[in-house]
Structure formats: C-alpha cells, structure tokens
2 protein chains.
Amino acid sequence: MNKKVTAMDVARLAGVSQSSVSRAFSKNASISIKKRKLILDAAEKLGYQPNAIARGLITNQSRIIGIVMRDVQNPFYPEVLEKFYSRLSGEGYQIMFINSQNDEIQEHEVSQLIEYSVEGVIITDALLTSAAVQKLNRNGISVVLFNRYISDSMSNAVICNNFSAGQKIGQYLLDTGHLQLGFISGPANTSTSLDRSRGFMDTLQKQGIESIPMEDGGFTYQGGFAAAKKLMKHHEKMDALFCANDIMAFGAIDYLTTAGYRIPEDISVIGFDNVTMADWSSYALTTWKQPVDEMIQQAVKLMLDDISGQQEKPEMNFVDGCLIERASVKDRR
Amino acid sequence: MNKKVTAMDVARLAGVSQSSVSRAFSKNASISIKKRKLILDAAEKLGYQPNAIARGLITNQSRIIGIVMRDVQNPFYPEVLEKFYSRLSGEGYQIMFINSQNDEIQEHEVSQLIEYSVEGVIITDALLTSAAVQKLNRNGISVVLFNRYISDSMSNAVICNNFSAGQKIGQYLLDTGHLQLGFISGPANTSTSLDRSRGFMDTLQKQGIESIPMEDGGFTYQGGFAAAKKLMKHHEKMDALFCANDIMAFGAIDYLTTAGYRIPEDISVIGFDNVTMADWSSYALTTWKQPVDEMIQQAVKLMLDDISGQQEKPEMNFVDGCLIERASVKDRR
DNA sequence: CTTGTTTTTGAATACGTATGCAAAATTTAT
DNA sequence: ATAAATTTTGCATACGTATTCAAAAACAAG
C-alpha cells in the first residue's frame, strides 16, 4: 500500500508551505491565484485528498450528522432517509447511520454519536429520553426530532400535525356516510399514534360517538393484518377502518380481501403516510399524506440554524398534511 | 455550552497522566487494576467520552465503513442496509451512508469516502469503475461489491448465483408446463439483470426456445407495470412472466390484474429477491430468494479479513439462493 | 537486605490539518 | 523613489489521542 499523501507532500512539490496548501483548499483563506493553481495542480498530480479526520480535530467540526432510524423496512422511512441524505449532503454533511433495534435509543448509541463528534442527530422513529437529549446537548450536539417530540422542550422537533389530521380523517369518514368506525393504532408509547388517535376520537366524540373498537397493530403489516382480523371477529358491521399508518392499512386490506370483504364496498380503509406503495393499484389506498419534503426542509433548517448558533431556543414545528383520495374509501352518502 | 471534557481533565481528577487515561480505555494496554478503576470513576464523574476523531488520526483507524446504496425505495435494499448495519456495528464499526443518485458512483462520493478515511466501502446497487476501485485501494480502503462485480478482479465481491438461479427459474417454468414465456429485465448495464437473463435463456435455448419477448423494467414498480403492459400488447398468449426483481413483479401483477388477467390462472408471474412484501397476500409472489443473510455474512468477513491484512487476494463468492413457491405461478401440467 | 526481573507509568512525540501572528512581499499613494 | 498600507505567506502551535521509550515502581529470588 502506498504511503498516505499529505498536505506536506503537496507543499514540497508545489514549493510552498503546508499552511498554504491548507489555504488553497479553503474557500475564504488568503492565497494568491498563482500559488493556488500551483498547489491544486500538485495535489491532482499526487492524488491528495484533505483528511477530514485531522480537519475535524482542529476545527471541532466533523461535518457529520447522525440519523437514528428504527424501522427501515416500513417504506416510509427509506423515503425519509433518502430525502434527509439529499438535503444534508447538499449542505456538505456526511451521514452516520444508526439503526436502532430498541424502542428507545440506547446508551451506547448516544456514546457513539458523541465519540464521533457528530454535529447533529436526527431521530426519526426511535424514542429519546430527556437524559439522552441533555447528554447530547452537553456535548454540543444539536438534536432534531422528526415526527415525534418529548415534553421538555429541549430539542427541535418537526411533526406532522397528527392531531389535526386525525380530526380531519374522522370528519371525512363521517362526511362520507360511514357509521361504524374502527381504528388500528401503533404502539401506545409513540406520540404519532397517540395524537392521531386523539384527533380522530375528538371529532367522533363531538358527534356523540364516545368510543369505537380499536386494536394495536404495532405499526407493522403483520400487526395490521392481525388487528383487522381481531376487529372483524367482533365487529363484523364495521364499515370503515382508520389505520394509523399505511403499512398497517396494507395488512388490514390484505386480511379483509382474503376474508372475502370487498374494499371499499364492504368496508373502507384509510391509512396515514402516503408511501409510494399506496399508489399501487393493488391497494389504491386513500390516505393522509405526510408533508415529508416540507418536514425535512424545516428539520434541516432548524438543525443548521442550531449548529451555526443562530437559534435562540428549540422550536417545535407542526406541519399540515392533506388527504389523498384513491379507491379504498367509499362515498356512502 | 460546556467545555469539552478530554483525557487531560480525567487525568487531573484521577491524579494520573493522560497516557494512563488512554490505557484505561484500551483493552490490551498495561494499566494496574487500581489505577484503571480510579480513572474510569473519574471519567464517569466528568462525563468523559474518548474522542474517536482524535483516535482515528493517531491510529489511522477510523472504524467507519461506507455503504453506498442507490435505490433505498426498493424494499430489498432497506433489508440489506439493516442487516449490514447489524453485522458491522456488532464488530465495532460505524456506518457512513451514501445514497448515490446516479448509476455510477460519483467522483465526489469517492473523495468523501477517502477524506473520512473509511476503512472499507460496501457497494450495494451502484456501479463502480475500475478507476474508482483503484483509487479507493490506493488510499488503503477495502472494497466489497454486494451482488455485483466488475471484471478486473481487484475487489471482493459476494454475489447471488444469478446465472444458475436464472437457469433454475427457466427449468421450473418449463417443468410446470408453461409454453409462452416472457422476461422483464433490469437496466442492461447491471450484472444482476444480465446474469439472470443469461441463465434463463440458457435453459430455454437448451429446450429449443431461441428467443422470447423481453422488456426492460428498470428494476422499478412503474417499470414493471409498463413493461407488462407493453408485453401483453403484442404477446397476449403469454402464460408466464419472469421479472428480474420482485418490485417489477409487483408492478407487472398490478398491471395484469387491472387489465383483467387472473394471476396465475391466465398468466404466472415469478420474481427475484423475496422481499417481505412477496409474502403479502395481495401478491403471494413465487420468487427466487436471495440468500441475503449468507451473502452479508460473507461480505463482512471478506471486508474484515481485508482490513486486518489477512487476505491474500480479492475473492468473488457466488452464493446459491432457492425457489420460494407461493401462489403466483400455476402448475399447468 | 540486596540484586535481578518484570510491570507500570509518565514524558515526549506524532498523527494531519487550520489558523494566529508576524515577517515578507506586493500594492498604492505621494 | 520612498513611505505607508495591504495582502500574502511561513512558522509555530494546538487539536486529543495512542504509543514508544525509558524511568520508576513493584515483585521475586537468593
């Protein structure tokens, strides 16, 4: 293996100092045009790449953002990952990917992020304790929560307006003449599921519907499938089912169609997310579209503002989504 | 923001030298049990985390592996990402995620990997030129190709035995009495699609079938949908369709069912990958299962052997998959 | 207790870069 | 041509850690 090429090597070839080489690779440093050209030519000739590790040590700017993600097999999250990657790499950041296996971000995962001096962390669908946020903040790491929040207001958060969406979904199902509603939730400890449920029930209760059959589908296909089965066992007159995410809606639809129900003639199904698959003709799912692009744009802006010290206090931004009507909800009026 | 806690701070509190602190956090360094405990207690008290950036500069071991991935919205790849993450983080590595937007890994992406001194790079579904491999190797970076290879034998590769799989799929469709076969390929410049096609045609040609109708579906759902439409326009007697990946098979099935064909009564469809969705009752896809776990295990072993200098020359390992029969191929015998 | 051996530990250094500071070079004004 | 002002550049240093080397400490043998 060849000896590593450093700025010192380039300096020798170009006949300048190492600090000049560093300046040549900098945007704002003072270096004459002639010397800069000499240096860049020498660098090209030697195959020199600046060492980001050494630079990070000196500048205390790793240019690395951590993304903590749990359920990458829910198609919603690969889309989120891809879009976060695009925005952040466009701003010159590298992505350190952490696939959390547990509900809650682990101590060693927090330690890894600190050890690598990541400048920020984006938490997509894992839980984060206040203690973990404090530890990250104490180590100068910006934290942005994507579609979740914790109650201590110490971190930036960008959240789809889940409560309001739940309300509107409830209204939409009532307005389209559905009488016997059901709900399939995600895990009870997730703010997304809780808020969607609360919004939904808020609307129903205002119409005198005090409670409806619900099952926890765990935010998974299998969970949606099983939850639909369980619901239909005791509530065969159900005519509409709201699933707290799309992938459970797919599972619910698959259970219902294999059980002989017609979607949406016998029962309507509505999801939440608007993953790419929702548009597939096998599902043609009516769903609530999370404004992922807007949410990611805001999340990245909050993080970059925090990193650059232009932020006074953490913000919590709610962003409105919208209904996407396809073919899985019937207008029964 | 608090001042960063360093080994020097811990040394002062524990009454030892900075080098002793470093040794306390090392597995094999010489340090007395008493002193180690003193140091770890002081570190805990101060909230000290070793700085991986500084350590990387000294040891020339960043403990970072790059994963270059293109199509994260094909459900096959999030599964691959999750499993690579699990294996590599278990070996103490961090993952730097690169989402390539182009067919071929870009110069700036190679530069990023070099600048951050990643110890290895795994390429999943992007193309890599020989020049790029040479550049990475010249900078001491191990390269492993996942399910692709290039012809210069300079990099490790682990590949599903696509040719053999294509052969067996061909035989299976013939053995189950299908007469009019069709094929939907991926992009022509990908070794996976080429080898699956070659294996398939090898079997058919041995049975006197010289050519069959084919369309390029670009490895996407929409592409599969459109390709199926195009094929059926001119080959309405087709009774079996082999799609070079599952997601195109889903698209093909969705086109066919919306066009009134029954799967598999009117036409059988077989895919390749065995993504989680293949098992969903809406598709119940018969497919060829890529041995992802085995492939990843071998890929990680090759990389770690290369990184630790225990490898003499790059290897190319082919791994056999197997047929998964569900409900999308009819036995017409 | 003394001598020889082994282990532990701290000082010094290097890793590759960015930058402060001041000297050198260049430019501008008279 | 000279002086003043400005820009460019190199030297020295620091960033935080791991490790070499040698001194100090601890341990074992006689």
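A note on names: the letters A, B, ... follow the listed sequences, proteins ahead of strands, and every chain is numbered from 1. Because the structure is predicted, anything quoted here is derived from the model rather than measured.
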Trainee: Can we call the ring centroids of B/Phe97 and A/Phe84 under 6.0 Å apart?
Mentor: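 No, the ring of B/Phe97 stays outside the 6.0 Å limit from the ring of A/Phe84, centre to centre.
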
Trainee: Should B/Asp41 and B/Lys45 count as an ion pair when the cut-off is N to O under 4.0 Å?
Mentor: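 Not counted as a salt bridge, because no side-chain N and carboxylate O are separated by less than 4.0 Å.
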
Trainee: Please tell me which of the listed nucleotides, C/dT9, D/dT9, D/dG10, lies nearest to the side chain of A/Ile31?
Mentor: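 Among the listed nucleotides, the one closest to the side chain of A/Ile31 is D/dT9.
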
Trainee: Just to verify, which of A/Ile159, A/Thr124, A/Val319, A/Thr190 counts as forming a side-chain contact (heavy atoms from CB on, under 4.5 Å) with A/Asn147?
Mentor: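 Single pass found, and it is A/Ile159.
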
Trainee: When you check the phosphate oxygens OP1 and OP2 of D/dT9, does a side-chain N or O of A/Lys35 lie under 4.0 Å from one of them?
Mentor: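 True: A/Lys35 side-chain N/O within range (under 4.0 Å) of D/dT9 OP1/OP2.
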
Trainee: Regarding B/Ser17 and B/Ser20, is there a side-chain donor-to-acceptor distance under 3.5 Å anywhere?
Mentor: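 Yes, side-chain donor-acceptor contact under 3.5 Å.
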
Trainee: Please encode protein proximity along nucleotides 19-28 of chain C as a string of B, S and -, counting only heavy-atom distances under 4.0 Å.
Mentor: BBB-------

Trainee: Hey, are A/Asp103 and A/Arg70 close enough for a salt bridge, meaning a charged N less than 4.0 Å from a carboxylate O?
Mentor: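 The answer is yes: the pair qualifies as a salt bridge.
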
Trainee: Counting any heavy atom closer than 4.0 Å, what does B/Ser32 reach on the DNA or RNA strands: base, sugar-phosphate only, or nothing?
Mentor: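 Sugar-phosphate, no base atom in range.
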
Trainee: Let's see if you can work this out: which of D/dT9, D/dG10, D/dT17 has an atom nearest to the side-chain heavy atoms of B/Tyr48?
Mentor: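 Among the listed nucleotides, the one closest to the side chain of B/Tyr48 is D/dT17.
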
Trainee: Thinking salt bridges, do A/Asp125 and A/Arg148 make one under a 4.0 Å N-O criterion?
Mentor: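 No salt bridge links A/Asp125 with A/Arg148.
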
Trainee: When we call it a touch if two heavy atoms are under 4.0 Å apart, what does A/Val16 touch: a base, just sugar-phosphate, or nothing?
Mentor: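 Sugar-phosphate: the residue A/Val16, judged by heavy atoms under 4.0 Å, touches backbone atoms but no base.
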
Trainee: Side chain of A/Leu57 only, please: which of D/dT9, D/dG16, C/dG10 is the nearest?
Mentor: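 Ranking D/dT9, D/dG16, C/dG10 by closest atom to the A/Leu57 side chain puts D/dG16 first.
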
